[in-house]
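Contents: one structure, followed by commentary.
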Amino acid sequence: MSTQTASNSPITNRRRGTIQRWSRTLIPTLREAPAEAVNPSHRLMLRAGCIRQVGAGVYEFLPLGMRVLQKVSQIVREEMDAAGSAEMLMPAIVPLELYADTKRDVEYGDLLFRLTDRHGRGAALGPTHEETVTEMAKGSVSSYKQLPLNVYQIQTKFRDEFRPRAGLLRGREFLMKDAYSFHLSVEGEGGLNETYDRMYQAYVNVFTRCGLDFTVVEAEAGPIGGSASHEFMVNADTGEDTIMVCPATGYAANVEKCEIGERTWSFDKSAPAELTKKHTPGMPGIDLVAEHLGVKPEQMLKTIVFQKVGGEKRKYVLATVRGDHDVNEGKVRDTFGFPVEIADEKEAKEAGFAIGYVSPKMVERRDDTLLVIDPDATAGTWATGADEKDHHVTGFSWSRDLDAELPEQGKQSGRIRVGDIRNAVTGDPSPRNASAKLEAKRGIEVGHIFKLGTKYADAFKFIILDEKQKKQTVIMGCYGIGVSRTVASSVEMSHDDSGIVWPIPIAPYHVIITVMDPDKDEHAKVAADLSEKLADEGVDVIIDDRKERPGVKFKDADLIGIPVRITIGDKALADESVEFKLRTDDGKGRLVEIAHVVQETLSKLSNA
RNA sequence: CGGGGUGUAGCGCAGCUUGGUAGCGCGUCUCGUUCGGGACGAGAAGGUCGGAGGUUCAAAUCCUCUCACCCCGACCA
């Protein structure tokens, strides 16, 4: 064992590496993964002894997993500090009174873990901390001279997800970095935009340093408008999110937000087929009906009933897209400029909508109803609902069968409009380059930056005087990174049949020294000497000193994914050498003279 | 919250239909032989069969209730 202390100097950041012995830490690797683990990251992190499940969506980090979590946290910390954010720590327990003004406890609903203390006072385990930090800032920032301000914390967050899944990817308890900034202006020096751009760059730095393959996408716009929100997505086929990418321009957006390039449209006047009513019992869904009628989903119209949010009288918005497309609520909202939500089924039925069998013709029967049609759902004849339970029609033509004024290109103002209201799909024209086509990819959201504006400052009446002695509501931004999710995403992105392949910057150890025979003094001595020298250079080393057969150690080394493996055995030692192998190399590695191993390791760790 | 499924040793599973002393593989411990990609032999430890109630001479097995976990969907600042 080393007698040296962990750090060489109290004032430099030069960090001495860690030396750990496998036999003296806890890395319970498994040959078989628990049956419930389906995702690669979940399976492999369990098998590699990184984590263990304690309850639904609740995991403990064992020493190996903890080291990765710490490495990611440290990178986040360094980049946040460098970008001018100051670390702090807020409580996990948030008194319910803090939500009194924002009503987010209601908004969150069951997602909030609630608790009651012995005095009957209500509190929540913080799912995020906008309220807490706004209250904190309001109480301690009283002058414009203290702004801009940017603070962050790395802390466990709690969300009682309906359905936790995929191990660390969607847990009910997870480690998150959340930052909050405060400003008096959006533009200019010290403004929100400046900090937002710095956070954007800091996030790019963080995920690049973590060795992740990621895409920054535009996300649902914030209240201030413009490109007010970005998500950082790790590229992985197993991701839950769909992102759309334009290969020509680099434009990338979450499918929920992705624009679609210009599409031509017209209301075809030809009507080759007659309008015929068909009995389609118990078939509200597109697929069933299409099969029953013998048409393809893309020959059908899908009409979704939305209702205006707020307002005294119910106002309905019909959104019609082609049967194989999905309506995008945000785009429907933007068409008429007021927020909408899917209509309450019971209420809509009472109002006369045959939910499941609705056709666009409902717009001509009701004055309180608007209609928006996707360009791809215009020309041609269609199968659609008959506005009557268990019935559909075929041969529907807009120009022949709708007794209402249809919009024309470039001239839209009435109750019926044509516009982009659906989710983009692969092959759609890019919004930035008419001749390029969008491609869909899968991603895992690991970071999200957001311009909040005055939402929280308004709620908390966080107002301070500017230098002209004018009252200004403070403008805020918030910036999140899912730290534990980042760890899991890395495994999703980087693994093979043998196990995890950690990127060097977040690997729990940089080097594993596999000692073939720990009982042999020579083996043990070379391992000890090498590890000390590597640690002096800042390299983290684990010595596999277990009395196991070589095959077991090799398999485990691959499973836990350490980037560099140094094997100490008789054959190599006879040549004053050890075997040197990268996790990504095949075979048993090549001989490197002991005198050159440190050099070789450093060079591989810094170049790879 | 809707649909489907599973709870038996640390992990993976069989046994349940047809009630009758709780089993297999891996792992763990001991001894021996082995020792460069998850060795072999012999022996051992380890389970109130998720929990509660019921039926029965007898329940892992049948019945009722309950809890937990997983998967699909809906949901996800």
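In what follows, chains carry the letters A, B, and so on, assigned in the order in which the sequence lines appear, proteins first and then strands, with residues in each chain numbered from 1.
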Review point. To the nearest angstrom, how far is Asn254(A) atom CG from A77(B) atom P?
Key: 10 Å
Review point. Taking atom P in both U48(B) and C1(B), what distance in whole Å separates the two?
Key: 32 Å
Point to revise | Euclidean distance for P, U8(B) against C13(B) (whole angstrom) | key: 10 Å
Check your understanding: Tell me, do Asn39(A) and Glu492(A) make a side-chain contact under 4.5 Å, heavy atoms counted?
Key -> yes
Revision key, fill the gap. Rounded to whole Å, the CD-P distance (Glu548(A) to U28(B)) equals 6 Å
Review point. If the P atom of U17(B) is compared with that of U6(B), how far apart are they to the nearest Å?
Key: 16 Å
**Study point:** Per Thr29(A) side chain, nearest of listed nucleotides G38(B), A77(B), G37(B)
**Key:** G38(B)
Point to revise | Nucleotide nearest Arg549(A) (side chain, heavy atoms from C-beta), chosen from C76(B), C75(B), A39(B) | key: A39(B)
Review point. Where the side chain of Gln53(A) is defined as all heavy atoms beyond and including C-beta, which of C70(B), A77(B), C75(B) is the nearest nucleotide?
Key: C70(B)
Exercise for review: For A68(B), give its Watson-Crick or G-U wobble partner with both distances under 3.5 Å, or none.
Suggested key: U6(B)
Check your understanding: Taking the side chain of Met176(A) as its heavy atoms from C-beta onward, which of G37(B), A77(B), C75(B) lies nearest to it?
Key -> A77(B)
Review point. Contact class for Arg172(A) (heavy atom, under 4.0 Å): base, sugar-phosphate, or nothing?
Key: nothing
Exercise for review: May I have the distance from Arg485(A) (atom CZ) to A77(B) (atom P), rounded to whole angstrom?
Suggested key: 10 Å
Practice item. Return yes if the base of G12(B) and the side-chain atoms of Arg43(A) contain a donor-acceptor N/O pair under 3.5 Å, otherwise no. Key: no
Review point. Mind checking the C1' distance from U64(B) to G2(B)? Whole angstroms is fine.
Key: 24 Å
**Study point:** Pairwise P distance for A39(B) and G51(B), with rounding to whole Å
**Key:** 36 Å
**Study point:** Whether His230(A) and Tyr196(A) hold their rings parallel, tilted or perpendicular, with breakpoints at 30° and 60°
**Key:** tilted
Exercise for review: Using the P atoms only, state how far C70(B) lies from C11(B), rounded to an integer number of Å.
Suggested key: 14 Å
Practice item. Go through G38(B), A77(B), C70(B) for me and flag the one nearest to the Ala56(A) side chain. Key: C70(B)
Check your understanding: For His523(A) and Asp570(A), does a side-chain donor sit closer than 3.5 Å to a side-chain acceptor?
Key -> yes
Check your understanding: Taking the side chain of Thr128(A) as heavy atoms from C-beta outward, which of A77(B), C71(B), G37(B) is closest to it?
Key -> A77(B)
Review point. Do the rings of Phe158(A) and Phe113(A) sit parallel, tilted or perpendicular, given the 30° and 60° boundaries?
Key: perpendicular
Check your understanding: If you look at every strand shown and take non-hydrogen atoms under 4.0 Å, does Gly49(A) touch a base, only sugar-phosphate, or nothing?
Key -> nothing
Point to revise | Pairing partner (Watson-Crick or G-U wobble, both distances under 3.5 angstrom) of U55(B) | key: none
**Study point:** Among Val217(A), Ile243(A), Val255(A), side-chain contact (heavy atoms from CB on, under 4.5 Å) partner for Lys441(A)
**Key:** Ile243(A)
Check your understanding: Hey, does the side chain of Arg31(A) come within less than 4.0 Å of C26(B)'s phosphate (OP1/OP2), counting only N and O?
Key -> no
Review point. Between Met516(A) (CE) and C35(B) (C1'), how many Å, whole number?
Key: 8 Å
Point to revise | Complementary nucleotide of G37(B), counting Watson-Crick and G-U pairs under 3.5 Å | key: none
Revision key, fill the gap. Of A77(B), A74(B), G38(B), the nucleotide closest to the side chain of His448(A) is A77(B)
Check your understanding: According to the Watson-Crick and G-U wobble definitions, with both distances under 3.5 Å, which nucleotide is paired to C1(B)?
Key -> G73(B)
Practice item. Take atom CG of Leu30(A) and atom P of G10(B), then tell me their distance rounded to the nearest Å. Key: 13 Å
Check your understanding: Between C63(B) and A59(B), how far is it from one C1' atom to the other, in whole Å?
Key -> 11 Å
**Study point:** Listed nucleotide nearest any side-chain atom of Phe162(A), set G37(B), A74(B), C72(B)
**Key:** A74(B)
**Study point:** Separation of atom NZ in Lys588(A) from atom C1' in G38(B), rounded to whole Å
**Key:** 17 Å
Practice item. With heavy atoms under 4.0 Å as the rule, sort Asp556(A) into base, sugar-phosphate or nothing. Key: base
**Study point:** Spacing of Asp326(A) atom CG relative to G73(B) atom P, expressed in whole Å
**Key:** 13 Å
Exercise for review: Side chain of Arg159(A) only, please: which of G73(B), A77(B), G37(B) is the nearest?
Suggested key: A77(B)
Check your understanding: Atom NE2 of His42(A) to atom C1' of C69(B): distance rounded to whole Å?
Key -> 11 Å
Point to revise | Donor-acceptor pair present, Arg170(A) side chain and C76(B) base, under 3.5 Å | key: yes
Exercise for review: Carefully, step by step, assess Arg104(A) and Glu131(A) under the rule salt bridge (charged side-chain N to carboxylate O under 4.0 Å, His left out).
Suggested key: CA-CA 9 Å; Arg104(A) 276 217 302 177; Glu131(A) 287 84 359; 2.7 Å; yes
Check your understanding: Arg565(A) near the nucleic acid: base, sugar-phosphate alone, or nothing, with a heavy-atom cut-off under 4.0 Å?
Key -> base
Review point. Looking only at side chains, do Arg43(A) and Ser41(A) share a donor and an acceptor under 3.5 Å apart?
Key: no
Check your understanding: Using atom P of each nucleotide, how far apart are G19(B) and A60(B) to the nearest Å?
Key -> 13 Å
Review point. With both distances under 3.5 angstrom, what nucleotide forms a Watson-Crick or G-U wobble pair with G27(B)?
Key: none
Check your understanding: Does the ring pair (Phe, Tyr, Trp, His ring centres under 6.0 Å) test come out yes or no for Tyr180(A) and Phe450(A), once each step is laid out?
Key -> CA-CA 10 Å; Tyr180(A) 306 90; Phe450(A) 214 93; over 10 Å; no
Review point. Could a donor-acceptor pair under 3.5 angstrom be found where the side chain of Glu32(A) meets the base of G10(B)?
Key: no
**Study point:** Position toward the 5' end of RNA chain B (nearest nucleotide), Val38(A) or Glu240(A)
**Key:** Val38(A)
Study note, to complete from the structure: Side-chain contact check for Leu559(A): nearest option of U28(B), G73(B), G38(B) is G38(B)
Check your understanding: With both distances under 3.5 Å as the test, what is the Watson-Crick or G-U wobble partner of C49(B)?
Key -> none
